[in-house]
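The structure appears below as structure tokens.
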Amino acid sequence: MTWSSLSLSLIDTCWLFLALCFLVAFSVHKASPQLPGEYRKSSLFTLFQDLIRYGKTKQTLHQAQWLRVFDVPKRWFWHFYAISVCWNVFLLLLSFNFIYQLQSYPSWLTGMLEILRSVPSSDGQAPQLSTVLVQLLLCVHSLRRLLECLFVSVFSDGVMHLVQYLFGLGYYIVLGLTVLCSDHMAKGPGTLLLDWIHVAGFVLFIAASLLQHQSMILLARLRKGKSGRVETLAHRVPEGGWFELVSCPHYFAELLIYISLGFVLGGLSFTWWLVVLYVLFNQALAGQLSHDLYISKYKSYPKHRRAFIPFVL
């Protein structure tokens with residue numbers, strides 16, 4: 001979908017629904033201290049907290065024994081990125097084959113795109129070059145995150161809910177299809193022109209990726225000694241870099257990465273900005289949960305730090 005037509009397709013509706021769900025979850029969490037005590041002790045509220053928390057933010061949650069059956073290790077995060085690399089590289093190769101060999105996408109993929117976009121596949125919106133560039137950057141992002149999970153991050157015994165795990169497995173599958181939903185599916189190579197907004201997107205992508213990588217290194221160092229070996233799995237106050245401004249700069253960087261991909265698409269895809277809206281509320285919730293944990297756990301935690309957007313949130 002483009003800005004000139006605001007009728008929502010199926011994929012638009014899905015991303016808007018997810019964005020609203022996380023906005024509601026964020027709002028409920030922010031309002032929870034003012035809720036009646038009996039409500040905060042209810043099974044429904046406990047289930048809500050169980051579904052929105054993971055890792056360190058879940059360790060303080062008083063779970064019923066039956067809920068723990070659905071917990072899986074947070075270190076399984078690497079599964080998400082492994083699937084993303086395989087799936088999105090596959091889609092990227094199909095796009096190269098489509099552009100340079102003039103071989104259309106497989107019928108099953110074209111059918112899926114038609115259902116998701118609610119229009120025939122020939123009625124697209126974004127330049128092919130922009131779409132392929134976003135596919136390429138998404139592959140680079142997923143590969144970097146996979147390598148960070150495997151070789152940089154130091155995971156504790158934190159857990160996440162099975163629903164979160166299954167959601168994560170499907171997330172990058174749908175994300176890859178969403179990128180293709182921004183493609184006009186025209187025959188031939190399409191436009192090869194790059195505008196200033198594409199360049200701005202590239203620059204922002206690189207800067208945000210470096211920020212996220214630096215933040216992951218700083219977090220890993222909290223558990224490693226000077227020798228580089230893991231010495232503790234305890235949580236400590238992050239320091240250095242953008243941690244001096246926010247509690248979760250890696251979440252802020254994630255948001256910037258998605259914004260940068262919107263620029264690389266030329267700013268034309270309304271569908272992608274719905275994805276950005278979802279990422280905003282998703283990361284806002286995760287950042288706020290971590291921020292609240294730091295404040296409650298460390299009495300001397302810097303008061304000037306925001307949750308994940310410098311000087312704002």
Show every donor-acceptor pair shorter than 3.5 Å between a side-chain atom in residues 280-287 and any protein atom, with sequence neighbours excluded, or say none if there are none.
from, atom 1, to, atom 2, distance (Å)
Asn282, ND2, Tyr278, OH, 3.3

Please tabulate, one pair per line, all N/O donor-acceptor pairs under 3.5 Å involving side-chain atoms of residues 230-241, not counting sequence neighbours.
from, atom 1, to, atom 2, distance (Å)
Thr232, OG1, Ala234, N, 3.0
His235, NE2, Arg223, NH2, 2.9
Arg236, NH1, Leu222, O, 3.0

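- Between Gln212 atom CD and Trp242 atom CH2 the span is 13.0 Å, to the nearest 0.5 Å.
- Among residues at least two apart or in separate chains, salt bridge (Lys or Arg N to Asp or Glu O under 4.0 Å) pairs with a member in residues 155-169 are Arg75-Asp157.
- Between Asp71 and Asp50 there is a side-chain heavy-atom pair separated by less than 4.5 Å.
- Nearest approach of Val152 to Met216, heavy atoms of both residues: CG1-O, 4.0 Å.
- Residues Val24 and Phe17 are members of separate hydrophobic clusters, defined by side-chain heavy-atom contacts under 4.5 angstrom among Ile, Leu, Val, Met, Phe, Trp and Tyr.
- Considering all non-hydrogen atoms of both residues, His141 and Tyr172 come closest at NE2-OH, 4.4 Å.
- Using a distance-only test at 3.5 Å, with no hydrogens or angles considered, a donor-acceptor pair links the side chain of Asp12 to the main chain of Ser9.
- In this structure the side chain of Leu92 reaches within 4.5 angstrom of the side chain of Val132, judged on heavy atoms.
- Residues Gly201 and Phe263 share a closest heavy-atom pair of CA-CB, 3.6 Å.
- Other residues, nucleotides and ligands contribute over 12 non-hydrogen atoms within 6.0 Å of the CZ atom of Phe167.
- Under the ring-ring contact (aromatic ring centres under 6.0 Å, His included) criterion, Tyr298 pairs with no residue, sequence neighbours left out.
- Ser130 and His198 make their closest contact through OG-NE2, 3.2 Å (heavy atoms, listed as atom of the first residue, atom of the second, distance).
- Between the side chain of Gln135 and the backbone N or O of Leu180 there is no donor-acceptor pair closer than 3.5 Å.
- The side-chain heavy atoms of Leu113 and Cys181, taken from C-beta on, include a pair separated by under 4.5 Å.
- Annotation: salt bridge (Lys or Arg N to Asp or Glu O under 4.0 Å) contacts of Asp292 (sequence neighbours excluded): none.
- Between Ser182 atom OG and Leu177 atom CG the span is 11.5 Å, to the nearest 0.5 Å.
- Shown here are the side-chain contact (heavy atoms from CB on, under 4.5 Å) partners of Val276, two or more places apart in sequence or in another chain: Leu255, Tyr258, Ile259, Trp272, Trp273.
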Could you go through the side chain to side chain donor-acceptor pair (under 3.5 Å) check for Ser215 and His250 one step at a time? CA-CA 6 Å; Ser215 300; His250 46 308; 5.2 Å; no
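- The shortest side-chain heavy-atom distance between Lys56 and Ser156 does not fall under the 4.5 Å cut-off.
- Shortest non-hydrogen contact noted between Val179 and Leu138 is CG2-CD2, 4.3 Å.
- In this structure, the ring-ring contact (aromatic ring centres under 6.0 Å, His included) partners of Trp76, at least two apart in sequence or on a different chain, are His79, Tyr165.
- Distance check, rounded to the nearest 0.5 Å: CD of Gln288 to CD1 of Ile295 gives 7.5 Å.
- Within the 4.5 Å cutoff, the side chain of Phe90 has no heavy atoms near those of the Leu109 side chain.
- Note that CZ of Phe98 is 10.5 Å distant from OG1 of Thr131, once rounded to the nearest 0.5 Å.
- Transitive grouping of hydrophobic side chains (ILVMFWY, heavy atoms separated by less than 4.5 Å) brings Leu265 and Ile197 into a common cluster.
- Put simply, the side chain of Leu133 reaches to within 4.5 Å of the side chain of Phe202, judged on heavy atoms.
- Formation of a donor-acceptor pair under 3.5 Å by the Ser32 side chain with backbone atoms of His29 is found in this model.
- A search for ring-ring contact (aromatic ring centres under 6.0 Å, His included) contacts involving Tyr54 returns Phe77, not counting sequence neighbours.
- Annotation: salt bridge (Lys or Arg N to Asp or Glu O under 4.0 Å) contacts involving residues 128-155, sequence neighbours excluded, comprise Arg144-Glu148, Arg145-Glu148.
- Here Thr178 contributes atom OG1 and Tyr171 contributes atom OH; the two are 8.5 Å apart, rounded to the nearest 0.5 Å.
- Under a hydrophobic-cluster definition in which Ile, Leu, Val, Met, Phe, Trp and Tyr are linked whenever side-chain heavy atoms come within less than 4.5 Å, directly or via other members, Leu61 and Phe26 are assigned to different clusters.
- A heavy-atom distance below 4.5 Å is found between the side chains of Ile11 and Val174.
- At least one donor-acceptor pair closer than 3.5 Å links the side chain of Ser118 to the backbone N or O of Leu10.
- Heavy-atom neighbours of Trp196 CH2 from other residues, nucleotides or ligands within 6.0 Å: at or below the threshold of 12.
- Taking CG of Leu23 as the reference point, atom CG of Leu277 lies at 8.0 Å (rounded to 0.5 Å).
- Hydrophobic clustering, defined by side-chain heavy atoms of Ile, Leu, Val, Met, Phe, Trp and Tyr closer than 4.5 Å, groups Val203 together with Val199.
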Could you walk me through whether Tyr301 and Ser296 pass side-chain contact (heavy atoms from CB on, under 4.5 Å), step by step? CA-CA 9 Å; Tyr301 194 72; Ser296 63; over 6 Å; no
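- For residues 243-266, every residue pair satisfying the salt bridge (Lys or Arg N to Asp or Glu O under 4.0 Å) rule, not counting sequence neighbours, is listed here: Glu244-Arg305.
- Looking only at side-chain heavy atoms (C-beta outward), Ser142 and Leu146 stay at 4.5 Å or farther from each other.
- Tyr251 pairs by the ring-ring contact (aromatic ring centres under 6.0 Å, His included) definition with nothing, not counting sequence neighbours.
- Contact record, Pro73 with Met160: O-CE, 3.5 Å, taken as the closest heavy-atom pair.
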Please report the C-alpha distance between Val246 and Arg306 in whole Å, then the side-chain angles of each, then the deciding distance to 0.1 Å, and finally whether the side-chain contact (heavy atoms from CB on, under 4.5 Å) criterion is met. CA-CA 5 Å; Val246 293; Arg306 297 293 184 174; 4.1 Å; yes
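- Follow the hydrophobic side-chain contacts under 4.5 Å out from Leu218 and you never reach Phe151; the two are in separate clusters.
- Using a 4.5 Å cut-off between side-chain heavy atoms of Ile, Leu, Val, Met, Phe, Trp and Tyr, with links allowed through other members, Leu150 and Leu219 fall into different hydrophobic clusters.
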